[in-house]
Colleague: 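Please see the structure below; I have some questions.
Quick note: numbers below take in every heavy atom, side chains included, and nothing from hydrogens, waters or symmetry partners.
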Amino acid sequence: MITGMRSSRRPDRAAALGRLTDRAGEHITAGTGWNVFSYLIAGMLCYGGIGWLISHFTHISLFFPIGMLVGLAISVGWIIYRYGRPFEQGNPPKGDDR
């Protein structure tokens, strides 16, 4: 059976890359970037909307941009908490794999 060169030369490293998981045990996929992007947009929309409602009733227009910035800061904090943890990647490389 013919396999890819990288997997046939370094099967232990290919196996380690196949099991990347975050701290919650979920696999890291190509959709993780979209999840991060959606957290940023959702935080700005939610807290910007709350700021807009407050500014609409109090006639102080500064609450809308403050709400958007607060939402962005909360989203970045959540992203760092959720995805900023080290991954379980198996054993570190040895020898010429560095």
Colleague: Provide the closest heavy-atom pair for Val76 versus Leu40 in the form atom of the first, atom of the second, distance.
Modeller: CG2-CD2, 3.8 Å
Colleague: If hydrophobic clusters are built by linking Ile, Leu, Val, Met, Phe, Trp and Tyr wherever their side-chain heavy atoms come under 4.5 Å apart, do Phe37 and Tyr39 end up in the same one?
Modeller: no
Colleague: Does Ile66 share a hydrophobic cluster with Ile60, counting links as ILVMFWY side-chain heavy atoms below 4.5 Å and allowing steps through other members?
Modeller: yes
Colleague: Taking all non-hydrogen atoms of both residues, which atom of Gly43 and which atom of Ser75 are closest, and how far apart?
Modeller: CA-OG, 3.2 Å
Colleague: Do Val36 and Tyr81 belong together in a cluster built from hydrophobic side chains that touch within less than 4.5 Å?
Modeller: yes
Colleague: What is the minimum heavy-atom distance between Ser55 and Ser61, and which atoms define it?
Modeller: CB-CA, 4.1 Å
Colleague: Starting at CG of Leu72, measure out to CD1 of Ile41 and round the result to the nearest 0.5 Å.
Modeller: 9.0 Å
Colleague: Roughly how far, to the nearest 0.5 Å, is OH of Tyr47 from CZ of Phe64?
Modeller: 15.5 Å
Colleague: Starting from Leu45, can I reach Val70 by hopping between I/L/V/M/F/W/Y residues whose side chains sit under 4.5 Å apart?
Modeller: no
Colleague: In this structure, would Met68 and Trp78 fall into the same cluster of hydrophobic residues linked by side-chain contacts under 4.5 Å?
Modeller: yes
